[in-house]
Amino acid sequence: MTKVAIIGAGPCGLSTLRSFEQAEKKGEKIPEIVCFDKQEDWGGLWNYSWRTGSDQYGDPVPNSMYRYLWSNGPKECLEFADYSFDEHFGKPIPSFPPREVLYDYILGRVKKGNSKNKVKFSTTVTNVVYNGSNFEVTYRDKKKATSSTDIFDYIVVANGHFSVPFIPEYPGMKAFPGRIMHSHDFRDAEEFRDKNVVVLGSSYSAEDVALQCHKYGAKSVTIAYRHNPMGFKWPKGMKEVFHLDRLEGNKAIFKDGHIQETDAVILCTGYLHHFPFLSEDLKLKTGNRLYPPKLYKGVVWQNNHKLIYLGMQDQFHTFNMFDCQAWFARDVIMGKIKVPDSSEIEKDINKWVSMEKKLENADQMIDFQTEYTKELHTLSDYPKIDFELIRKTFKEWEHHKVENIMTYRNKSFSSPVTGSVGPKHHTDWETAMDDSLKTFLNQPKK
Ligand SMILES: Cc1cc2nc3c(=O)[nH]c(=O)nc-3n(C[C@H](O)[C@H](O)[C@H](O)COP(=O)(O)OP(=O)(O)OC[C@H]3O[C@@H](n4cnc5c(N)ncnc54)[C@H](O)[C@@H]3O)c2cc1C
Ligand SMILES: NC(=O)c1ccc[n+]([C@@H]2O[C@H](COP(=O)([O-])OP(=O)(O)OC[C@H]3O[C@@H](n4cnc5c(N)ncnc54)[C@H](OP(=O)(O)O)[C@@H]3O)[C@@H](O)[C@H]2O)c1
């Protein structure tokens, strides 16, 4: 029997488990599956942890999410085609839920099946090598402190790529009297109440961490971009300046001449694709981009078609794109989809990579990833979902952010699965301090 190892039980690993479960429900004979996760429970980044640094076993903590994190995109854009928000919550809910609500939704789908008994928790995959015909996978049971090696025919790498921080150094950091941290270790904006905060970066973490600090009472927030500013209309107390030059004592000195007294520097400088468990010949080497190289259909490793990577792209689309990837990967593994010859693969990868190079703005990037996801969708029996509505929703969302970065999370969108419209939330995001599921779902009766 074919044996498949899934490394990671975050959203991508769970999509893979779900895809096989759906095939089994249709009466198909599925491979033997073992999913490994080094955390004690499933959900990946959505499984919030207060921990930073190492866990109790000495393993680096993978979690990068923080208290008060709300979805930064409309939930309608990530909805599962086979498990709508309406089905999970029994009613339509607002379009921008906090973390705990999305976590509940992600788990709701897999809890209905029997996938959990396929997952080995608190188990870290430490080594994967290809011996010419199959993979030797070594894993460590953290609780028992034992190591084992098993043989697998296919590997699905679903370990995420937002867990290992990229941490640059700037002159003056060693002598800085305040706090320096990466967004990976950011857990609670309350810590920065009444403080002057400098945030480095110009992408989603910089935007959201800066907004969090402002929302929870930071005295000032100064965001320093390196190449392009985000350019939003920041509220009073926030500003965007050009690139940090150095720290001198407690002063941050920027390349555009700005000087800012600062208590804390938060490095929102992104993450590394990091696969310490894979032998060099199997390792994807890429930055955070929309079409990482050497992946056929963004999924199958060009040099070894039994190695599958999921969710390695920079992400506008998330959960339903992961599903489309998982359904495609499942059908490759089950022999229903034939991977073409190497020249065809090369041609297909080059087509996407050269299209990616020409992208100039967010709308084009949304179009690119929508086209990619739509193509994958046509290749499997993943259920019907309206990707044209998702494309439109993403673009409206981008424009709402430009209009007002403080209010875009108060907007409502239509479901690409059920068509229902998200109701307006009872409290505007800017004043909603409680991010619990209970408070969020407790919509006052009309
Ligand atoms: C701060 C932050 C906020 C985000 N907010 C949103 C959002 O609002 N909406 C959205 O759609 N997306 C968001 N994302 C994007 C996020 O990447 C995806 O939603 C999703 O979590 C990716 O799923 P994944 O399964 O690829 O990776 P992860 O969620 O990272 O899961 C990977 C799993 O692999 C396990 N693992 C890693 N290495 C090993 C190993 N060697 N052995 C065993 N197990 C291993 C980890 O323990 C983890 O459980 C956010 C990301 C970050 C960093
Ligand atoms: N739900 C939420 O609200 C939420 C919150 C946070 C994050 N997220 C998600 O988390 C994921 C990761 O986002 P991310 O912003 O952490 O990573 P990212 O999108 O990869 O962006 C990395 C940023 O780091 C900057 N950078 C890199 N090296 C630098 C240096 N030496 N000095 C200054 N800046 C540097 C880059 O700037 P250049 O452009 O100049 O290279 C870029 O702006 C995304 O999927 C995002 O959606 C979601």
Side-chain angles (χ1 to χ4, degrees), residues 5-16 35-49 55 59-66 68-75 77-78 96-99 102-103 106 119-128 137 139-140 142 157-170 182-184 186 199-212 223-230 243-244 267-272 274-278 287-289 309-322 325-326 409:
I6 304 170
I7 304 172
C12 282
L14 298 183
S15 290
T16 313
C35 178
F36 300 91
D37 203 295
K38 59 185 183 178
Q39 295 192 62
E40 285 171 349
D41 212 343
W42 53 9
L45 291 175
W46 295 90
N47 179 27
Y48 172 79
S49 174
D55 67 13
D59 248 12
V61 168
N63 316 73
S64 301
M65 288 203 178
Y66 37 88
Y68 314 131
L69 182 139
W70 293 57
S71 176
N72 63 348
K75 75 175 201 309
C77 291
L78 52 78
F96 290 85
R99 182 201 58 78
L102 282 177
Y103 180 55
I106 299 163
V119 189
K120 284 186 192 296
F121 291 106
S122 299
T123 305
T124 308
V125 172
T126 53
N127 201 32
V128 178
V137 177
Y139 52 94
R140 185 165 185 277
K142 292 159 58 164
V157 181
N159 67 323
H161 58 94
F162 296 128
S163 285
V164 179
F166 168 65
I167 307 182
E169 183 168 6
Y170 284 84
H182 190 276
S183 52
H184 171 61
F186 179 85
V199 170
L200 299 193
S202 52
S203 186
Y204 294 101
S205 289
E207 171 197 317
D208 201 50
V209 166
L211 286 173
Q212 291 282 334
I223 310 167
Y225 65 91
R226 181 172 61 162
H227 292 114
N228 300 304
M230 289 177 272
H243 211 7
L244 181 67
L267 305 170
C268 297
T269 44
Y271 293 86
L272 301 170
H274 193 60
F275 310 99
F277 50 88
L278 290 177
N288 190 22
R289 55 187 278 191
Y309 280 93
L310 247 60
M312 289 302 148
Q313 296 70 13
D314 192 7
Q315 294 155 12
F316 282 94
H317 294 258
T318 54
F319 304 159
N320 47 41
M321 178 179 79
F322 303 158
Q325 294 185 329
R409 282 184 168 112

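Both counts, for ligands and for their atoms, begin at 1 and track the order of listing.
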Problem - Test of ring centre spacing under 6.0 Å for Phe275 and Tyr309 - result: yes
Handout entry: Sub-6.0 Å ring centroid separation between Tyr271 and His182
Key = yes
Less than 4.5 Å apart, any side-chain heavy atom of [X] and any of [Y]?
X	Y	answer
Phe96	Pro74	yes
Leu102	Leu78	yes
Ser163	Leu45	yes

With heavy atoms only and a cut-off of under 4.0 Å, state how [X] meets ligand 2: side chain, backbone, both or neither.
X	value
Tyr66	side chain
Asp208	side chain
Asn288	side chain
Val209	neither
Ser64	neither

Suppose I only count heavy atoms of [X] and a 4.0 Å limit; which atoms of ligand 2 are within that range?
X	answer
Phe166	28 (N)
His227	38 (P), 40 (O), 41 (O)
Leu69	1 (N)

Tabulate distances under 3.5 Å between N/O atoms of ligand 1 and N/O atoms of the protein, writing both atom names on each line.
| from | atom 1 | to | atom 2 | distance (Å) |
| --- | --- | --- | --- | --- |
| ligand 1 | 8 (O) | Asn72 | N | 3.3 |
| ligand 1 | 8 (O) | Asn72 | OD1 | 3.3 |
| ligand 1 | 11 (O) | Thr318 | OG1 | 2.6 |
| ligand 1 | 17 (O) | Gln315 | OE1 | 3.2 |
| ligand 1 | 19 (O) | Trp46 | NE1 | 3.0 |
| ligand 1 | 21 (O) | Trp46 | NE1 | 3.2 |
| ligand 1 | 25 (O) | Pro11 | N | 3.2 |
| ligand 1 | 25 (O) | Cys12 | N | 2.9 |
| ligand 1 | 29 (O) | Leu45 | N | 3.0 |
| ligand 1 | 41 (N) | Val125 | O | 3.1 |
| ligand 1 | 42 (N) | Val125 | N | 2.9 |
| ligand 1 | 44 (N) | Lys38 | N | 3.1 |
| ligand 1 | 47 (O) | Asp37 | OD1 | 2.7 |
| ligand 1 | 47 (O) | Gln39 | NE2 | 3.4 |
| ligand 1 | 49 (O) | Asp37 | OD1 | 3.2 |
| ligand 1 | 49 (O) | Asp37 | OD2 | 2.7 |
| ligand 1 | 49 (O) | Gln39 | NE2 | 3.0 |

Practice task
Pick whichever of Ala206, Ser71, Ser205 has a heavy atom sitting closest to atom 16 (O) of ligand 2.
Solution key: Ser205
Exercise for the section: State whether a side-chain donor-acceptor pair under 3.5 Å links Asn63 with Tyr48. Expected result: no
Among protein heavy atoms, which lies nearest [atom], and at what distance?
atom	answer
atom 35 (C) of ligand 2	Thr269 CG2, 3.5 Å
atom 43 (O) of ligand 2	Ser202 N, 2.9 Å
atom 47 (O) of ligand 2	Asn72 ND2, 3.2 Å
atom 12 (C) of ligand 2	Phe162 CE2, 3.4 Å
atom 30 (C) of ligand 2	Tyr170 OH, 3.4 Å
atom 21 (O) of ligand 2	Ser203 CB, 3.1 Å
atom 36 (C) of ligand 2	Arg226 NH2, 4.1 Å
atom 23 (C) of ligand 2	Cys268 O, 3.6 Å

Please round to the nearest 0.5 Å and tell me the distance separating atom [atom1] of [X] and atom [atom2] of [Y].
X	Y	atom1	atom2	result
Ser183	Phe162	OG	CZ	10.5 Å
Gln39	Thr123	CD	OG1	12.0 Å
His243	Tyr225	NE2	OH	10.5 Å
Leu14	Cys35	CG	SG	7.0 Å

Tell me the closest heavy-atom pair linking [X] and [Y], and the distance in Å.
X	Y	answer
His161	Asn288	CE1-OD1, 3.3 Å
Gln315	Gln313	CG-O, 3.1 Å
Ile106	Pro11	CD1-CG, 4.4 Å

Please determine if [X] has a nitrogen or oxygen closer than 3.5 Å to a nitrogen or oxygen of ligand 2.
X	answer
Arg409	yes
Tyr271	no
Tyr204	yes
Asp314	no

Exercise for the section: Measure up the Phe36 and Tyr139 rings against each other and bin them: parallel (under 30°), tilted (30 to 60°), perpendicular (over 60°). Expected result: tilted
Practice task
Determine the interplanar angle of the Phe319 and Phe322 rings, folded into 0 to 90°, and report it as parallel if under 30°, tilted if 30 to 60°, perpendicular if over 60°.
Solution key: tilted
Handout entry: All salt bridge (charged side-chain N to carboxylate O under 4.0 Å, His left out) counterparts of Lys75, not counting sequence neighbours
Key = none
Practice task
In plain terms, say whether Asp59 and Arg140 are close enough for a salt bridge, that is, a side-chain N and a carboxylate O under 4.0 Å apart.
Solution key: no
Practice task
May I ask whether Trp70 places a heavy atom under 4.0 Å from ligand 2?
Solution key: yes
